[in-house]
Every structure is written in C-alpha cells, then in structure tokens.
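Please read the structure below before turning to the comments.
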Amino acid sequence: MLKKIIHLWHILRQLTGDDAYDVYLKHHAEFHESTVDAPPVLSRKEFFKLWQDKKWKGIKRCC
Amino acid sequence: MHKNIKTIIWLCVAILGATAISAIALNRGESISAMWFIAAAACVYAIAYRFYAAWIAATVLTIDETRATPAERLDNGRDFVPTNKWVVFGHHFAAIAGPGPLVGPTLAAQFGYLPGTLWILIGAVLGGAVQDMVTLFFSTRRNARSLGQMARDEIGPIGGAAALIGTFLIMIILIAVLGLVVVNAMKHSPWATSTVAATIPIAMIVGFYMRNFRPGRVLEASTLGVILLLLAVVGGGWIDHNESLRGLFDHEGLTLAWVIIAYGFAAAVMPVWLLLAPRDYLSTFVKLGTVTLLAVAIIILQPHIHMPAVTQFVDGTGPIFGGKLFPFVFITIACGAISGFHALIASGTTPKLLANERDIRMIGYGAMLLESFVAIMAMIAATVLEPGVFFAVNSPAGVVGKEAVDAIAKINSWGFAVTVEQMNQLAKDMGESTLFARTGGAPSLAVGMASIFGNAFGKSMLALWYHFAIMFEAIFILTTLDAGTRVGRFMLQDMLGNIWPKIGQTSWMPSVIFTSGLVVAGWGYFLYIGVIDPNGGVNILWPLFGIANQMLAAIALCVATGILVKSGKLKYAWITGLPLVWLVIVTSTAAWQKIFSEDIRVGFFAAANDLATKLAAGVLPPEKAAVAPHLIFNQQLDAYLTMFFVVVLWIVIVDTSRVIVRYLAGKPLLPLTEVAHEPSRLVEDWVRD
C-alpha cells in the first residue's frame with residue numbers, strides 16, 4: 001500500500017515537473033560527469049528558468 | 001477456457017453498449033437517466049480501444065517495441081526525455097483538452113441530445129482518436145517532427161504552407177470566440193467578474209513563488225494557488241453582496257471585451273513565468289479536478305436528461321445558431337469528436353517524451369477517448385436542464401427579444417415550458433441578476449454543473465457551485481487565450497522573419513510588441529464585432545471556428561493518408577481515408593452554405609445584403625443602424641475567410657491526390673522520411689519508474 005502511494009507521488013511529481021531538477025541532475029551525472037569538457041552543473045534556480053522558458057516555446061495548449 | 005471467459009466478457013460489454021445506445025436513441029419519454037449515456041460511452045470506448053485501436057497499432061502501423069524512440073535516441077535531459085507512459089498521457093491530455101469539448105456539445109444540444117451524443121461517440125472512435133494516434137506514430141518515426149514539417153517533407157511545400165496558415169487563422173478565430181464566451185459569462189455579474197479578475201494576481205503570486213521564492217517547487221506553489229482560487233470564488237460572493245464594491249465589477253460586455261483585449265496584449269508580452277506558466281498549472285489542476293468531480297457527481301446522482309432526443313430545430317431554425325442538422329452538428333461539436341488542433345500536439349510535442357512505441361495506442365487513442373468523454377459529460381450537464389431553461393439561457397436577445405416576457409412567450413411558442421418566475425428564481429439561486437440571453441455556452445453549462453453538484457453535494461451552495469464552474473471555465477479559457485496569442489506571435493515572427501530577418505528574433509522587444517499587437521488586433525477585432533452583434537456573435541464565430549478546426553483535421557488526415565499509401569499500405573489507407581472523406585464533405589457543405597445560403601441566419605452574404613437593404617430603407621432602430629455598417633463588413637469578411645479555408649483545404653487534397661496517383665503509377669516522388677531502425681537499449685524497469 002505504502003509502496004503504491006509512493007509510486008503515485010512519483011508520478012504526480014513527474015507530471016507537474018516538480019522533479020525536473022532531480023531528473024536533470026541524474027542525467028548530468030550519468031552522461032556528463034566523466035567527460036572532460038562537461039558543462040557546469042546549473043543551480044536549481046538557473047535550471048528552472050531554462051526549463052520553464054523552453055517548455056513554453058511552441059504549441060502547448062489547444063482547444 | 002480462459003479465452004472463452006474473455007470472449008464472454010467482451011460479448012457482455014458489446015450487448016450492454018448496444019442496449020445503452022438503443023435506450024438513448026429510442027427513448028421518447030419525458031426523461032432518460034444519464035447513466036445510459038455513461039454506459040454507452042464506456043462500452044463504445046472499451047470495444048474501440050481493445051479491438052480497433054489494437055488492430056491499427058499491430059496491423060496497420062506495425063508498432064515495434066524494440067525500436068528506439070526519438071526520446072531515447074536524442075535524450076538530452078530537457079525536451080527529449082523518455083518518460084513514464086502515465087506521465088506522458090497526463091501531459092498529452094492536459095494539452096489537448098481545452099474549453100472546446102465543453103462549449104461545442106452545449107451549443108449542439110439545440111438539436112436535442114441524440115445527434116450530438118452519437119457524433120461525439122462515433123466521431124471520436126473512428127475519426128479523432130485515429131487521427132491523434134496515427135499522427136503521433138508518424139511523428140515518432142520522424143524524430144518528433146511537427147505536422148507542418150511532415151506535410152512539407154512527405155506531400156510537398158504547398159501542404160506545409162497550408163498547415164501553417166490554417167493553424168494561424170484557427171488560433172485567431174478560436175481566441176476571439178473563447179474571449180466572447182468569457183465576456184458573456186462576466187457581463188453584469190460582479191461575482192463572476194471579480195473571481196475571474198482575482199485569478200490574474202493569484203497566478204502571479206504562484207509564478208513568483210516557483211520562480212524566486214522556492215524555485216522549481218511546482219507542487220507547493222500550485223497547491224497554494226488552488227487554495228487561493230477557491231477563496232476567490234467565496235470572496236466574489238462577498239463582493240457581490242457589498243454595495244460599494246460590486247459597482248467596480250459590474251460592466252457592459254463591450255467594456256469587458258476591451259479589458260480582455262488589453263489583458264491579452266499584456267499577457268503576450270509579459271515573461272511566461274509571471275503569468276502564463278503558473279496560470280497553466282492552476283488551470284490544469286482545476287480542470288482535472290472538476291472533470292473528475294463531475295463524473296463522480298453524475299454517477300452518484302444519476303441525473304435525468306430532460307431535453308428531447310431530437311428537437312424541431314434540426315430543420316435549421318434553431319435560436320442558438322442557424323443551420324440544419326447536417327452539416328452543422330458536426331461543425332459545432334468539433335473538438336469532442338475530432339479536432340485538427342490535436343495533430344499539432346501529437347506531432348512535435350508528445351513524441352519527445354515517448355519511451356516506447358507500444359505506448360502510442362494508450363496516449364494517442366486513449367487520451368482522445370477521455371476528451372470525448374468530457375464532451376459527453378458537457379452534453380449531460382447541458383441537457384439535464386429543462387429545455388425551456390436551456391433555451392432561455394442560450395438564445396440571444398436578437399432572436400427571442402430583449403424583455404423577459406417576450407423571450408418566455410417565444411420559447412413557450414416552440415413548445416418548451418418555462419416561466420419568468422422560474423428564470424428569476426433560478427438567477428437568484430445562482431447569485432446572478434439575470435440568466436436570460438447568456439449566450440456562449442458557459443453560463444448554461446455552469447447552471448447544469450451547479451445543479452448536478454448541488455444535488456450530489458448539498459443544495460445550499462448553488463450560487464457557490466455556479467461561480468466555481470464559471471471560474472473553472474474562465475481560467476482555462478484565459479490560459480488558451482494567453483498561450484494562443486503567444487503561439488500566434490511566434491508564428492507571425494517566423495513568417496515575417498522571412499521578409500525581414502530582424503523581426504524574426506523572438507526576443508527583440510520592438511518585434512515582440514509589434515507582432516503581439518497584430519495578433520491581438522486580429523482576434524480583438526472579431527471579439528469586438530461579436531460583442532456588438534445583437535445576435536450574440538457566438539452564432540457566427542463558433543461555426544467559423546468549427547469549419548477551420550475540421551479543415552485542419554482534414555489536412556492532418558491528408559498527410560496521414562499520403563504517408564500510409566507511400567509506405568505501401570494502400571489497402572489500409574481507409575482508416576484515415578474514410579474520416580477524411582467525411583470531413584471534406586462536412587466542411588465543404590458547411591462552407592458552401594455559410595457563403596451561398598439564402599437564409600440570412602446561415603449565409604454570410606445573405607445576412608450582409610439583408611442588413612444593407614434594411615439600413616438603406618431606414619427601417620432599423622437607431623442603435624442597430626449605428627453598428628450596421630460594421631456588421632455588414634464583418635459578414636462579408638467572414639464569407640471571404642470561409643472561402644479561403646475551403647480553397648486551402650482543396651489545394652491540400654489535390655496535392656495529396658497527386659502524390660497518391662504518382663505513387664500508384666510508379667513515378668518518382670519525395671522519399672519517405674522515416675528514421676532508420678535503431679534497437680532500443682532501454683530496460684523495461686528503467687523506463688517505467
């Protein structure tokens with residue numbers, strides 16, 4: 001039961017983008033950490049700005 | 001044995017579905033339970049999803065689970081991210097489900113509940129859901145390319161340009177008609193106006209919270225916002241009862257239209273984080289919450305539908321909009337059955353998140369079924385009202401008369417019982433000064449929802465439920481208005497950038513202001529005309545929007561059919577070909593009638609000529625004569641716009657046919673742009689969590 005609730009909570013966080021920064025950190029650690037010319041890790045605030053601005057380019061809502 | 005049980009279960013579903021549909025179709029009694037609608041919809045969707053959609057996925061599209069999707073191949077941790085299928089479903093549904101499926105069925109209820117309900121079910125399972133799923137599939141196989149790009153790559157440059165122009169014009173008409181719906185809901189209603197106004201600072205508070213105060217804490221900020229919104233609904237009631245404050249929010253339609261136009265411009269040039277993004281979170285939460293609540297309330301309460309199955313207005317004399325059942329029920333329902341706009345989300349946006357091709361059926365087909373179900377609920381909410389009340393709320397003053405007594409007499413003469421006292425009492429219950437001639441669908445939907453919620457969760461709070469429903473509709477109509485204006489601006493900057501590159505820079509402020517101004521002026525014009533039109537404006541704008549939206553759907557189906565044929569799947573091309581043929585017949589007939597009909601309530605030119613003759617003869621009352629030249633010009637403009645839509649559509653059809661004929665004749669054509677197969681490396685568990 002508790003496991004299910006935690007799973008639902010994860011889905012809710014993913015749906016809203018609440019965990020976008022954690023996903024980014026994970027992606028960064030996985031793909032860029034070991035490379036020499038790795039881009040610097042963004043702060044939560046910097047990342048959120050980029051993420052939000054990018055999200056609203058293009059058609060995101062319709063009728 | 002196991003297989004037999006399954007067969008028996010599906011047989012039961014089929015029998016229940018058939019029974020429910022017959023009950024709906026054959027009922028000629030006083031009323032019918034809404035549960036039949038829910039049962040019919042659930043069975044039709046289940047069978048279509050299990051058999052038709054599965055067959056399309058396996059046999060026609062040959063979905064390949066082992067193939068890497070663009071989200072996996074191009075994963076960059078930002079826009080291309082392999083995502084849990086439920087999360088993608090949520091994003092996709094939130095993006096496609098706007099106010100369209102709520103407004104369309106409410107207006108189409110003038111024909112009775114049956115025609116609209118049947119088209120919502122049939123159109124969705126054979127048309128809309130197929131379009132969404134097939135487009136999602138083709139875009140996924142093409143690195144998440146947009147519909148316009150696919151049209152250009154697979155059919156030719158003409159198709160691409162048509163899709164682009166079509167999208168831009170729909171946006172303009174859509175925003176105008178939605179703006180009109182909000183204006184009509186707020187007209188002389190201090191409660192509604194103050195609540196809707198409060199959503200703006202609330203969105204800004206939420207925006208600040210998640211941008212600066214606690215960056216990225218989306219859930220915290222949204223929870224705060226939703227609580228504030230609910231307080232705003234209650235606060236609106238307090239303002240309404242406060243003699244000195246209510247005057248601040250009690251306005252004419254025209255004033256409110258100017259406010260909306262100014263707001264639209266401000267929202268388009270403001271940074272997204274301040275208004276658009278936080279408002280979108282709130283509107284998504286409120287939308288999902290309210291739709292769920294409505295479904296629960298309908299199931300608990302099992303309300304009865306009072307509207308007849310079919311009304312006399314199928315002959316084209318309906319008060320809400322003119323035109324016969326065919327083709328106008330299809331044009332009016334629009335989004336709840338098939339919406340061209342969805343093809344823009346299904347291409348480009350959603351494929352970037354898709355972790356595996358096997359999720360395409362659930363996301364593409366399933367999300368559209370859910371949207372269709374929202375349309376069914378809107379139909380229920382509209383038709384639980386006594387038909388007399390429904391027509392009193394939705395008929396424009398220009399048709400039934402300005403005075404309550406005249407309107408009631410007219411509606412009674414159609415055979416629908418309603419009294420002035422009944423309407424006054426209803427308005428009092430809902431906390432409004434009047435509910436006569438509140439066109440646009442939002443108020444009647446809110447009355448329907450309030451009576452369902454009131455009966456299910458306590459009747460004492462009818463006025464609160466009514467204004468909650470108005471807030472619910474207004475908040476995501478305004479989100480669509482903001483987002484649409486911004487998208488229109490980007491498209492315009494892109495187009496004008498070809499002529500003058502500097503203007504194509506999306507962050508150059510003079511260009512932002514100039515192009516936003518042009519877009520706002522575009523929809524603002526139609527909104528202004530809609531407000532000054534004594535017939536309510538919705539009767540002109542909604543069919544125009546419906547024609548444009550169905551035209552875009554036809555373009556998406558053309559592209560899909562073209563790709564199917566080019567992929568050597570001619571024998572299956574009917575899955576998109578049949579809905580395409582139907583939409584072409586519907587849109588072309590509707591457009592023909594809107595342009596050439598002699599009936600002044602249908603034909604644009606006929607209406608313009610009639611008004612011009614009356615103006616010349618001096619028989620118009622002075623206030624009507626003052627706006628007549630505007631109305632005449634607008635009717636002519638609408639006629640040319642409709643003509644333009646049809647010409648664009650037929651150009652794309654001819655272009656697609658050319659591609660198909662060349663393919664069949666074995667002549668060279670643009671090659672398929674499908675990306676080569678690359679095996680997926682994602683392990684099941686990794687993707688799912």
Side-chain angles (χ1 to χ4, degrees), chain A, chain B residues 75-79 81 83-84 86-87 90-91 94-101 103 146 167 170-171 174 178 210-212 215-220 222 271-273 276-277 280-281 283-285 334-335 339 341-342 344-345 348-349 476 479-480 482-484 486-487 490-491 506 545 549 689:
Chain A
M1 186 62 194
L2 188 69
K3 232 180 160 183
K4 266 197 176 152
I5 291 174
I6 292 174
H7 185 67
L8 272 179
W9 171 244
H10 279 306
I11 288 199
L12 184 68
R13 287 198 67 204
Q14 273 192 55
L15 258 176
T16 53
D18 203 53
D19 68 345
Y21 187 61
D22 306 339
V23 171
Y24 161 77
L25 284 184
K26 207 169 145 197
H27 176 90
H28 199 274
E30 212 165 307
F31 292 90
H32 300 300
E33 210 83 300
S34 50
T35 53
V36 191
D37 53 346
V41 184
L42 299 173
S43 74
R44 190 182 265 276
K45 198 168 176 174
E46 288 166 333
F47 171 78
F48 187 68
K49 269 188 183 157
L50 281 177
W51 179 80
Q52 206 175 35
D53 293 342
K54 194 147 197 167
K55 198 179 155 192
W56 284 99
K57 290 237 164 80
I59 298 170
K60 289 292 172 294
R61 288 293 172 262
C62 63
C63 38
Chain B
D75 184 0
N76 59 5
R78 276 210 207 112
D79 45 351
V81 184
T83 309
N84 176 299
W86 290 104
V87 174
H91 279 300
I96 64 171
V103 177
S146 72
T167 313
I170 295 180
M171 202 79 85
L174 171 75
L178 292 179
M210 61 170 101
R211 180 84 164 195
N212 295 313
R217 266 35 171 238
V218 172
L219 273 174
E220 285 172 26
S222 306
V272 270
W273 64 266
L276 178 53
D280 181 63
Y281 280 112
S283 83
T284 307
F285 277 113
C335 311
S339 168
F341 234 92
H342 296 183
L344 304 176
I345 306 286
T349 309
F476 66 95
T479 307
T480 308
D482 295 0
R486 192 169 284 268
V487 169
F490 282 136
M491 292 174 102
T506 49
F545 160 68
N549 187 10
D689 290 304

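What's counted below: heavy atoms across the whole structure, side chains too, no hydrogens, waters or symmetry copies. Predicted model, so just to flag it, every value in this text is computed and none were measured.
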Under 3.5 Å, side chain of A:Tyr21 to main-chain N/O of B:Gly216, donor-acceptor pair present? no

Heavy-atom cut-off 4.5 Å, strictly under: side chain, backbone, both or neither for B:Ser146 against chain A? neither

Taking the side chain as everything from C-beta on, heavy atoms only, tell me whether A:His10 gets closer than 4.5 Å to B:Asn84. no

Value rounded to 0.5 Å, distance of CZ in A:Phe48 from CG in B:Asn212: 10.0 Å

A:Gln14 side chain near B:His91 side chain, heavy-atom distance below 4.5 Å: no

Chain A interface, residue from B:Gly90, B:Pro271, B:Ala277, B:Ala483 that has the most non-hydrogen pairs under 4.5 Å: B:Ala277

Is chain A contacted by the side chain of B:Phe285, its backbone, both, or neither, given a heavy-atom distance below 4.5 Å? side chain

Report yes if the side chains of A:Asp18 and B:Glu220 come closer than 4.5 Å at any heavy-atom pair, otherwise no. no

For the residue pair B:Val81 and A:Tyr24, establish whether any side-chain heavy-atom pair is separated by less than 4.5 Å. no

Region of B:Leu344 in contact with chain A, defined by heavy-atom distances below 4.5 Å: side chain

Nearest heavy atoms of A:Leu15 and B:Val87, plus distance in Å: CD2-O, 3.4 Å

Rounded to the nearest 0.5 Å, how far apart are OG1 of A:Thr16 and OH of B:Tyr281? 6.5 Å

Please look at A:Lys45 and chain B and tell me whether the side chain, the backbone, both or neither of the residue comes under 4.5 angstrom of a heavy atom of that chain. both

Given B:Pro101, B:Pro215, B:Ser222, the one with more heavy-atom pairs under 4.5 angstrom with chain A than any other is B:Pro215

Whatever's closer than 4.5 Å to a heavy atom in chain A on B:Phe490 counts as side chain

So does B:Trp86 have more than 12 non-hydrogen atoms from other groups sitting under 6.0 Å from CH2? no

For A:Gln52 and B:Met210, which heavy atoms make the closest approach, and how far apart are they? NE2-SD, 4.2 Å

Pick whichever of B:Val272, B:Asp280, B:Val103 has the most heavy-atom pairs under 4.5 Å with chain A. B:Asp280

